[in-house]
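Heads up: the structure comes next, in structure tokens.
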Amino acid sequence: MEQTRIELLKKLTEARGISGHEDEVAIILRTELEEHVDRFERDAIKNLFALKGMDKPGPSVMLNAHMDEVGLYVIHITKEGYLRIGKAGGIDDRLLLGKKVLVGNDRLPGVTAIKAVHLSTHEEIENTVVKVDDIVVDVGAKSDKELAGKVAIGDQITFDTAFGTFGEGYLVGKAFDDRVGCAVVVELLKMDWPFPVIGMFSTQEEVGTKGARVGAWRYTPSISITVEGTIAADIGEVKDYQEVTNLGAGTVLTIKDGGMITDHRLRNQLIEVAKANGLPWQFKRMPAGGTDARSIQLAKTGVRALAVAVPARYIHSPVSLIKFCDYENTVSLLSKFLAQLATMEA
Amino acid sequence: MNELLRTLTQTWGPTSYEEGIRGVITHELDSLHMDSRVDTLGNLIYCIPAPGKPKLLLSAHMDQIGIIVTHIDKDGFLRFGAVGGLDPYKVLGHRFVFANGTVGVAAVESKEHKTLEHLTLDKLFLDIGAASKDDALLHVAVGDFAVYAGDCVQVGNRVTSAALDDRIGCYVLIEALKAASGKELNYETYAMFSVQEEIGIKGAKVGAWGVQPDLAIALDVTAWGDTPESYVLDIGLGKGPAIKVKDAGMVATPVVRDLLIETARKHDIPFQLEVLQGGTTDAAAIQTNATGVPTGVISIPDRYVHSASEMVDLGDVEGCIKLLVAVLLK
């Protein structure tokens with residue numbers, strides 16, 4: 001079981017998909033769920049729906065995670081064969097230098113180029129942040145002509161980060177935001193439920209929760225649970241009141257973030273389930289950031305929405321870190337919660 | 001002192017915890033025997049049917065701004081984040097009250113902050129008089145909400161209190177419904193007391209979808225420009241209802257704006273026109289519902305909005321009620 005789940009996380013995080021380029025992730029999810037759901041649909045904005053028991057009675061439940069990751073895209077190809085780049089989603093410019101990347105759907109390898117340290121002035125090294133506008137990707141071409149048919153404006157660029165395990169139960173990789181959420185939703189969709197379940201793997205979350213906004217319009221549930229990989233800042237220099245969440249401390253429950261307040265009654269029911277089963281949980285302790293849940297909540301006449309997450313360090317960077325136990329506990333907590341949902345008072 | 005106004009302003013109800021204020025309003029309007037419902041997010045919506053007539057949606061939000069506890073340190077001090085728009089310098093030195101009655105004082109990390117310059121919310125903390133973390137945990141938990149403790153006091157012909165934004169709008173709507181009760185109206189009227197306005201107009205968005213109105217009017221506060229060395233804004237207390245032309249979230253639909261202006265003129269109600277540079281209201285979300293809704297706003301001028309001591313003029317409030325009733329009555 002553990003090895004299978006880790007394999008899925010490896011597959012999902014090594015898949016490439018900045019906002020608007022989520023097909024590769026969608027194919028993996030479809031393959032994984034083929035035998036477990038009734039049918040799939042993709043809508044105009046390319047959300048992937050995995051539908052299960054839609055004819056069953058009872059309030060419908062949406063399980064949601066977004067497929068896209070933050071990354072870069074090609075905005076210009078210079079005569080000399082370098083790629084000028086733009087950002088898709090929020091990335092700190094300081095993290096962009098000296099990285100291996102993959103360009104376009106054919107995975108053309110490249111590196112983000114910078115003047116060698118030997119040629120930089122003391123002032124440049126000590127006091128400047130090189131902005132995305134001044135960074136190019138070197139794919140080993142001598143001219144733009146050489147790249148004709150291989151690279152086009154708008155192609156996605158993703159970080160070339162291999163998945164791995166290290167330390168005591170840590171997993172390292174890119175895009176845990178939100179492939180870890182996708183993996184949790186996959187595990188929950190593999191189980192059988194007595195009510196209609198709408199798995200919504202959304203697109204374009206990182207550029208403003210676009211996919212979820214229209215997806216929740218297509219299938220408007222009674223209850224929605226968005227599963228995310230969220231900020232854990234439990235690292236050296238951060239003051240303890242700014243840690244947001246801690247790795248290894250269990251499933252993160254959002255009360256309020258920068259985009260919404262979650263359903264108090266539903267969240268308290270979830271906490272009761274965690275307590276009853278001895279499963280660890282923690283609140284997200286900073287009312288910042290936002291998830292698909294903010295858009296799902298406001299579909300039509302409104303949805304009772306929750307946002308939960310697996311804590312992840314260094315998200316929105318080329319490499320992030322989670323603890324496998326947080327992932328396992330999140331699958332357990334949500335499966336036990338869904339099992340109780342059918343019996344809870346409406 | 002107007003007891004209803006006092007109760008409305010002193011009822012605890014930060015964004016997403018509107019049950020208490022909803023109870024006050026339900027109780028107050030009980031005797032009018034209107035159809036009502038509470039939707040998924042908690043909007044309280046009354047309906048006065050008039051088949052065949054255009055559907056008018058009126059909206060005033062029930063929630064008030066507040067804070068949420070994010071951390072409790074070993075000495076029992078609380079760190080907090082904002083629920084709605086909070087200026088650190090308006091928060092500093094004020095008291096906040098939790099649902100269970102616990103009171104705290106917002107203080108600042110004093111070593112680095114002898115002036116208000118560069119003050120941010122994360123440099124403030126709440127002191128609830130706890131001697132330790134364990135002591136604090138007897139009264140509060142991470143995730144608890146609190147609101148300004150700000151008594152409702154009459155000063156001259158004005159009232160100062162916390163939460164006038166937008167309990168004064170709720171008051172105007174309640175009084176207008178009472179005045180219009182049992183009379184023939186121009187519209188099939190839906191009166192919505194909305195939730196979660198202060199964190200991004202959540203309630204009005206889903207409420208409008210539920211009603212699908214033909215036109216709408218929001219009742220909310222606006223800012224002021226009539227105090228010493230104030231920023232420029234042609235709104236003053238005592239000059240009557242403000243009819244919105246534009247704010248940061250919308251341009252009022254001209255047909256509704258003009259309806260309000262003509263009605264005010266016809267009934268000799270003094271009014272002022274509002275062009276607000278920052279902030280917006282439920283109207284912004286209602287206006288873009290479905291294929292669009294002509295929408296305007298009757299604004300109550302409110303000094304020191306989003307502080308513990310906002311201030312409105314009772315003459316303005318009466319003017320707003322009169323204007324709204326005049327719009328409703330045939």
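If you're wondering where the values come from, they're calculated on a predicted model, not measured in any experiment. Order of the sequence lines sets the chain letters (A, B, ...), proteins ahead of strands, with each chain counted from 1.
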*Return yes when atom CZ of A:R213 has more than 12 non-hydrogen atoms of other residues, nucleotides or ligands closer than 6.0 Å, and no otherwise.*
no
*asked:* Is it the case that atom CZ in B:R95 sees more than 12 heavy atoms from other parts of the structure closer than 6.0 Å?
replied: no
Less than 4.5 Å to any heavy atom of chain A: does that hold for the side chain of [X], its backbone, both, or neither?
| X | answer |
| --- | --- |
| B:A82 | backbone |
| B:D122 | both |
| B:V69 | neither |

Minimum heavy-atom separation for [X] and [Y], please, with both atom names.
| X | Y | answer |
| --- | --- | --- |
| B:V206 | A:Q297 | CG1-O, 4.1 Å |
| A:I255 | B:I68 | CG2-CD1, 3.9 Å |
| B:W209 | A:T301 | CD1-N, 3.4 Å |
| A:G302 | B:L41 | CA-CD1, 3.9 Å |

*With a 4.5 Å cut-off on heavy-atom pairs, point out which of B:I72, B:I199, B:T40 contacts chain A the most.*
B:T40
*In Å and rounded to the nearest 0.5 Å, what is the CZ to CZ distance from B:R79 to A:R285?*
14.5 Å
*NZ of A:K239 to NE2 of B:H71: how many Å apart, nearest 0.5 Å?*
11.5 Å
Side chain, backbone, both or neither of [X] within contact of chain B (heavy atoms, under 4.5 Å):
| X | value |
| --- | --- |
| A:Y241 | both |
| A:V303 | backbone |
| A:Q242 | side chain |

State, with a plain yes or no, whether a side-chain heavy atom of [X] is found less than 4.5 Å away from one of [Y].
| X | Y | value |
| --- | --- | --- |
| B:F145 | A:I261 | yes |
| A:K256 | B:T15 | no |
| B:T70 | A:P287 | yes |

